[in-house]
There are 2 protein chains.
Amino acid sequence: MEKKQVKVGLMGLGTVGTGVIRIVEAHQEDLLNQTGLGIEIHKILVQDKEKARSVAIDQSKITVNPDDLLEDPDIDVIVEVIGGIQPTKDYLLKALAQGKNVVTANKDLMALHGAELLHKAQEKSCDVFYEASVAGGIPILRALVEGFSSDRITKMMGIVNGTTNYIMTKMSKEGAEYHEVLAEAQALGYAESDPTADVEGFDAARKMAILSTLGFRVPMNLEDVQVRGISQVSKEDIAYGKKLGFEVKLLGIARRDNDEIEVSVQPTMVHKSHPLASVNGVFNAVYVHGEAVGETMFYGPGAGEMPTATAVVSDLVTVVKNMKLGVNGRGAVAPYKEKKLKTDDKKLSKYFMRLIVADKRGVLAQITNLLAEKNVSLDQVIQQPYQDSGQSEIVMVTHTASKFDVTSVLQTLEGMDVISEIKSYYQVEGIDKEAGAVHHE
Amino acid sequence: MEKKQVKVGLMGLGTVGTGVIRIVEAHQEDLLNQTGLGIEIHKILVQDKEKARSVAIDQSKITVNPDDLLEDPDIDVIVEVIGGIQPTKDYLLKALAQGKNVVTANKDLMALHGAELLHKAQEKSCDVFYEASVAGGIPILRALVEGFSSDRITKMMGIVNGTTNYIMTKMSKEGAEYHEVLAEAQALGYAESDPTADVEGFDAARKMAILSTLGFRVPMNLEDVQVRGISQVSKEDIAYGKKLGFEVKLLGIARRDNDEIEVSVQPTMVHKSHPLASVNGVFNAVYVHGEAVGETMFYGPGAGEMPTATAVVSDLVTVVKNMKLGVNGRGAVAPYKEKKLKTDDKKLSKYFMRLIVADKRGVLAQITNLLAEKNVSLDQVIQQPYQDSGQSEIVMVTHTASKFDVTSVLQTLEGMDVISEIKSYYQVEGIDKEAGAVHHE
């Protein structure tokens, strides 16, 4: 009576889909060993049946009609690697309605409609797994669900976009300007010809929405994530950061304090003693702080066909194990907690600011008086002549302050006669308390 | 007919054992949700029944007789947190012989007798899990088994001993000498009063034996691991390393090339661009290179009660899931490949060397001629006066060379008149090819 073979409907046969077929074929025995069941790619949805493929496929399995997969009662699992929001969302909702489990690599869909899919899955007792949607080469979603199952996550910080991290790394190592490095990255194929989704932080924001939803069990929407991209980061900021012990990284930051949540993506000054500061090039990393375990970090390639296909297959193996356990849909991944977002007065951070000011006696005193008035105190200050302008440049790192107070400081500075320009400001991370004693040295 | 409750026999009720009880109690519902079965701590082996405990325990569960657990047919899983080789090994062999699954945090036992236990487990279709034995706060063994199940691991490098990493970090940050920092670490309780097992690398070697056995599926013995500790590392070496872009770390290194293996533990010059270089203080990290996924790294606390207890409970959850799946003992964790160790001519690395030489014309030429003769070429050289001794100091970083050739170079240098002293030599890591393009910049 019991099944011997799990039948999979594969949607999409690009590089990732082909990789999935290769891995499943090459590791049949291993998979059987792990799950007690064989895995068969039963049908494959493609756009063009006639297209040449780099992998041998039984032509009878290929179809251009999604319902050949969705309405096939023999198919237990849909693996979706076609991407896009529609019609993909409808396909997956239909799959779930038919009681089929789902594995997807689709970050756009999960960031925008993840909660809907997960609730539908729960209702139908099906799994939805999506490890490949965030940092394909890092088993971070699995770690959040399994490794932290008996812990409570309080903070996650991620370098979750390879393109921007490549650009920030190059700017830091070569002292180059943003536009030079971006052009080079585009020429090398590390950045798209329209790089907006990457450099303005939208891609990272999608991944942070997914991570925070899963890590905090709260239905975070994409619009709950505050986003600032890297296009305004200057080589001077990076140089000053270095002088003070920081690297500038595009960081996704998700925090939970007293059940209130903040999630953002922004260029951030990360202290060199923090492990995220040395995640370079196209690599990704996710740092997780749990109450019991303390600090952990997961590092690896963020994209690539084989890392992504490997993540998809490892999800598929989990679905098959759950089928045999009879616990599909019970992984408790659907967000069930009420969402409470922090107001700005509760968002606490240290800040870096760089100002150009008139070179007059008492200017620094004026600024520090303002800061004191707004409850912002200083940890470090550098003042020096600004080029040959007869002005001064002031670089400050604050102690912990609220976003509300810092915004108010910036607005007031903006209107002061002695301030020529607010060149930049950044949150500062990696010297917080949770970083552990040794980071403070 | 089917079980509703899994009964656990807990051996040991120290801080980790107490933590296990707390987690299991606090997360009953979650565990039930994940596994479909409840988990009950059924009996507990202690040394002293009368001792006061920090957790409320039904006194009838406590016993000083191991057979009360091992011979109880109701007990499905033995969780061992007493440590030591004997009688613990006999207990666990008996547990397996009785068909009980085993979860252990015992690195000494697993490093010395892991293969025997794993084969016994396989014979009896039982699980043996031991996540907590290596870097308790990092789910590295799980990642090696699950995440890399459809990949092939070629290299692992680990900072797997918190005490020595604390010492190396302090020496690097403060420019302090080894003996000063060791004394301080002992005063703070970060190092034992007899620090030998840590500082001579034996603890790290045990963990590398466990990691390489699991990662390469080969029965590595502790004596297969070449070990050098940190007691000879000087602040001068660290300062020169920094100048050339390296941090000195006690690194476990396991490599597989053409199915031949080398495993060692030694103080190593790690290039600053490598993520291991910035793992500081008591933290642990394991870097894994897989053929499909490329580079990944797992970072977290190496020890501590709660991280260790959390790892033990997550293993316990896996055992329970496997029980329901009916796949206990099928995780294919027992090493099954033939062990082939590399000879020294196949162990390839870059090296750092520091020599004190006579300040005579032609000395450097003599040295470089010797190197060329032995197939060792140079990447970087620094020569400068040595203190006020009238001698010179030469610091060299080689290109990739075999251990055989480098040993031969060191022996020849030792006998040369113009060489006063070979101050130190280190393997160099983090600038190899597998580190990816961006690391090379």
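Below, chain A is the first sequence line, B the second, and so on; all start at residue 1. All values reported here derive from a predicted model rather than from experimental measurement.
Of the residues considered (B/Ala292, B/Gly290, B/Gly294, B/Pro139), B/Ala292 shows the highest number of contacts with chain A, using heavy-atom pairs under 4.5 Å.
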Let me have the donor-acceptor pairs involving side chains of residues 306-313 of chain A, under 3.5 Å, with sequence neighbours excluded, atom names and distances please.
residue, atom, partner, partner atom, Å
A/Thr308, OG1, A/Gly304, O, 2.6
A/Thr310, OG1, A/Met306, O, 2.6

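Partners of B/Glu305 under the side-chain hydrogen bond (donor to acceptor under 3.5 Å, both in side chains) rule, at least two apart in sequence or in another chain, do not exist in this structure.
Between B/Pro301 and A/Val293 the shortest heavy-atom distance is CG-O, 2.8 Å.
A/Ile138 does not touch chain B: none of its heavy atoms, backbone or side chain, sits under 4.5 Å away.
The closest side-chain heavy-atom distance from B/Tyr299 to A/Phe298 is not below 4.5 Å. Contact of the B/Met297 side chain with the A/Pro275 side chain is not registered, since no non-hydrogen atoms from C-beta on lie closer than 4.5 Å.
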(message) For B/His274 and A/Ser278: C-alpha separation, side-chain torsions, deciding distance, then whether side-chain contact (heavy atoms from CB on, under 4.5 Å) applies.
(response) CA-CA 7 Å; B/His274 195 281; A/Ser278 48; over 6 Å; no

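To the nearest 0.5 Å, atom NZ of residue A/Lys272 and atom NZ of residue B/Lys272 are 9.0 Å apart.
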